[in-house]
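Notes for the one structure printed next.
Chain A is the first sequence line, chain B the second, and so forth, proteins listed ahead of strands; every chain is numbered from 1.
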Amino acid sequence: MLPKKITDSELSIVLIFSAVVLTMPIWLAPIGAGYPDLLQKFAIFGLFAIGYNILFGMTGYLSFGHAAFLGVGSYAAVWSFKLLTMNVLPAVVFGVLFSGLFAFLIGYVSLRRSGIYFSILTLAFAQMSYNLAYSVLTPITNGETGLQLTNHDPRIIDTMLLDQAPEGLPSTVLFGVKMSGYPGFYFCALILILGFFIALRISRSPFGLVLKGIKSNQTRMKFTGFNTRPYMITAFVISGMYAGLAGSLMAVTDPLAGAERMQWTASGEVVLMTILGGVGTLIGPVLGAGLIKYFENIFSAFNDKALHELFAFLPDGLENFVVTVVSPFVGEGWHLTLGVLFMIIIIFLPGGIIQGMEKINNRFFKRSSSAKSGSNES
Amino acid sequence: MSLDNTVLHIADVHKSFGGLHALSDIDLSVKEGTTHAIIGPNGAGKSTLLNVCIGRLIPDRGAVIFDGEELTGKSPHEINQAGVARVFQTPEIFTELNVLDNVIVPILSKRDGSYRFNPMKSLKQRRGAYDEAMHLIEDVGLNPKDMSGSLSRGDKRRLELAMCLSQHPRLLLLDEPTAGMSRHDTNSTIDLLKKIKERGMTKVVIEHDMHVVFSLADRISVLAEGRIIADGTPEEVKNSAVVQEAYLGG
Ligand SMILES: Nc1ncnc2c1ncn2[C@@H]1O[C@H](COP(=O)(O)OP(=O)(O)OP(=O)(O)O)[C@@H](O)[C@H]1O
Ligand SMILES: [Mg+2]
């Protein structure tokens with residue numbers, strides 16, 4: 001899409017990516033997505049998908065349990081707010097550390113198998129975590145209510161530094177700046193850019209090439225002298241840490257954590273995001289995440305009344321008919337739209353949106369198509 | 001290393017699959033720097049013998065000793081790190097990667113060992129690996145930018161050979177390295193293998209093409225129904241009555 005010189009230089013890729021991400025409030029405004037809540041979600045789920053792609057895209061191992069790490073990251077962050085301080089940096093660090101530890105345990109066991117058995121093991125572990133969060137672990141997770149801030153939280157560091165306790169529930173801060181609204185978005189956006197940069201480096205490192213080798217032919221890797229298991233565990237832990245980071249950012253922008261974040265549908269969602277955008281590409285998962293979150297927010301906001309207003313220009317009979325046909329696809333039913341979109345992509349563009357863009361690019365700018373054979377970054 | 005320069009010693013190896021004795025009483029010694037050919041009819045157990053050497057199969061009995069060290073029971077990556085590389089009968093390459101990356105991967109294993117965590121290093125900084133890979137790819141006559149999955153069978157085999165050579169193994173095992181190649185490519189592969197021999201690499205070659213066998217081999221073992229029925233210099237084997245009857249077909 002871009003001249004090869006630009007796509008080759010890490011600095012220019014990161015600069016372009018940063019420019020696009022940081023100006024999202026401007027260029028997403030016309031399509032009704034330029035408000036902080038949604039922008040934060042774009043950044044957070046973009047990060048989740050980038051990390052997921054380090055496992056699924058680079059090694060080909062399909063995990064169905066990554067939402068568990070998202071949940072662990074959220075719980076760790078909220079506990080950091082409750083026990084230590086409302087500053088978001090420790091919360092993010094704890095989110096990453098705990099999810100990394102948790103990912104190591106789950107990865108260590110699940111990676112004894114590959115293919116479908118690996119996927120099922122990760123799914124089983126994630127569902128176990130989900131159920132434990134509602135039962136045995138309620139002292140940590142606060143069960144169905146979810147983990148929230150209260151007025152009696154110790155917040156050791158904050159109480160040491162401040163003399164008088166603040167009125168009501170405090171908000172999350174980064175050195176005095178409240179992490180809600182736009183500041184919250186920009187904080188998430190900076191972390192997304194950092195996460196993107198790290199993923200870019202990984203994909204161009206010897207370590208990344210080994211992961212791609214494992215995806216392509218694990219047998220060959222073993223007979224070429226690679227101990228593939230520790231490589232797989234490392235990739236699993238890294239992507240688990242990205243998920244934990246995303247989970248902690250959810251808590252940063254809205255300081256509560258619930259077990260529903262760990263449910264299998266949430267794990268499935270990140271798989272959809274990655275495939276929709278383009279597995280194994282760097283930017284694809286971010287696009288997929290943005291698209292799905294956009295659909296969720298815009299389409300699920302429609303109700304029958306809004307539809308009637310939208311189609312009011314049609315004659316009455318036709319208006320009612322159109323509304324009846326369209327209404328299952330919006331509001332509660334937006335998953336149906338997502339499903340249809342997903343099927344279309346899988347059938348016609350198994351390489352996701354990125355593949356679609358490449359096809360268009362090749363059709364209209366044919367001469368550049370030979371320059372990029374063999375590269376799977378876009 | 002043992003006194004008589006034996007680098008590979010296969011001692012009394014047995015392997016059966018159910019009731020099928022794929023290998024029985026195999027005893028074989030390969031001397032440092034020589035090329036040892038293994039010939040025999042289809043299903044004789046030739047590939048099985050190599051599988052036992054590289055840890056893909058564990059023998060029911062007996063041992064494989066490489067450079068004085070027992071390989072039996074070690075995992076495939078340890079055996080490779082010890083200096084044994086193999087070209088498979090059906091090419092095992094990274095079909096989703098281009099030719100260049102296919103050769104860089106084994107170079108990384110040789111340099112960094114069986115595990116190295118270096119996610120922030122750039123591949124591009126490893127000029128040495130890059131130059132070496134380009135050199136080898138030129139040797140086998142391939143284009144570094146090509147996707148390896150779309151190569152012809154013969155080219156895949158040559159790529160796999162380049163991948164193995166890039167590791168400078170002490171022992172190279174080749175399972176029908178010229179199958180599927182044109183006469184011209186076969187001859188250039190023979191030349192390449194002769195060149196390696198000058199560098200002192202020990203090779204075990206399984207081959208059906210007698211032209212290749214007699215061009216390369218210092219010694220030949222003939223395998224039939226899992227047993228070595230003859231063993232000697234190319235001349236001895238060519239003239240052996242047992243072999244004429246069992247394999248060369250007169
Ligand atoms: N993993 C396995 N499981 C069961 N049987 C096997 C296995 N590998 C090989 N065999 C059997 O062992 C016998 C020897 O096979 P092998 O592949 O070693 O023969 P080969 O000499 O390499 O033949 P070819 O010239 O056809 O490659 C065959 O009968 C084969 O079917
Ligand atoms: Mg064979």
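Between Met120(B) and Ser205(A) the shortest side-chain heavy-atom distance does not fall below 4.5 Å. Using a 4.5 Å heavy-atom cutoff, the side chains of Thr95(B) and Asn217(A) are not in contact. Phe117(B) has its side chain within reach of Ile238(A): a pair of non-hydrogen atoms, C-beta onward, lies under 4.5 Å apart.
Residues Tyr231(A) and Arg116(B) share a closest heavy-atom pair of OH-N, 3.0 Å. Taking all atoms of both residues into account, the shortest heavy-atom contact from Pro206(A) to Ser122(B) is CD-C, 4.4 Å. The shortest non-hydrogen separation linking Asn80(B) to Phe223(A) is ND2-O, 2.9 Å. Across all non-hydrogen atoms, the minimal contact from Glu92(B) to Arg220(A) is O-NE, 2.9 Å.
Remark: Ile93(B) CD1 to Thr224(A) OG1 distance equals 11.5 Å, nearest 0.5 Å. Rounding to the nearest 0.5 angstrom, the gap separating the CZ atom in Phe94(B) from the NZ atom in Lys215(A) is 14.0 Å. Distance OG1/Thr219(A) to CZ/Phe88(B): 7.5 Å, rounded to 0.5 Å. Remark: Ile79(B) CD1 to Lys222(A) NZ distance equals 13.0 Å, nearest 0.5 Å.
Within 6.0 Å of the CD atom in Glu138(B), the count of heavy atoms belonging to other residues, nucleotides or ligands does not exceed 12. By the neighbour-count criterion of 12 heavy atoms within 6.0 Å, atom CD1 of Ile58(B) is sparsely surrounded, having that number or fewer from other residues, nucleotides or ligands. For CZ of Phe348(A), the number of neighbouring non-hydrogen atoms (other residues, nucleotides, ligands) closer than 6.0 Å is 12 at most.
Using a 4.5 Å cut-off between heavy atoms, Ile198(A) touches chain B through backbone and side chain atoms alike.
Taking Asn102(B), Leu100(B), Val105(B), Val84(B) one by one and counting their heavy-atom pairs under 4.5 Å with chain A, the maximum is reached by Val105(B). Chain A forms more heavy-atom pairs under 4.5 Å with one residue of Glu160(B), Lys110(B), Glu78(B), Arg86(B) than with any other, namely Glu160(B).
Checking Asn227(A), Thr234(A), Thr228(A) one by one against Tyr115(B), the side chain to side chain donor-acceptor pair (under 3.5 Å) holds for a single residue, Thr234(A).
Put simply, the side chain of Asn118(B) gets close to the backbone of Phe207(A): a donor and an acceptor are under 3.5 Å apart. Panel note: side chain Ser114(B), backbone Gly225(A); no donor-acceptor pair is recorded below 3.5 Å.
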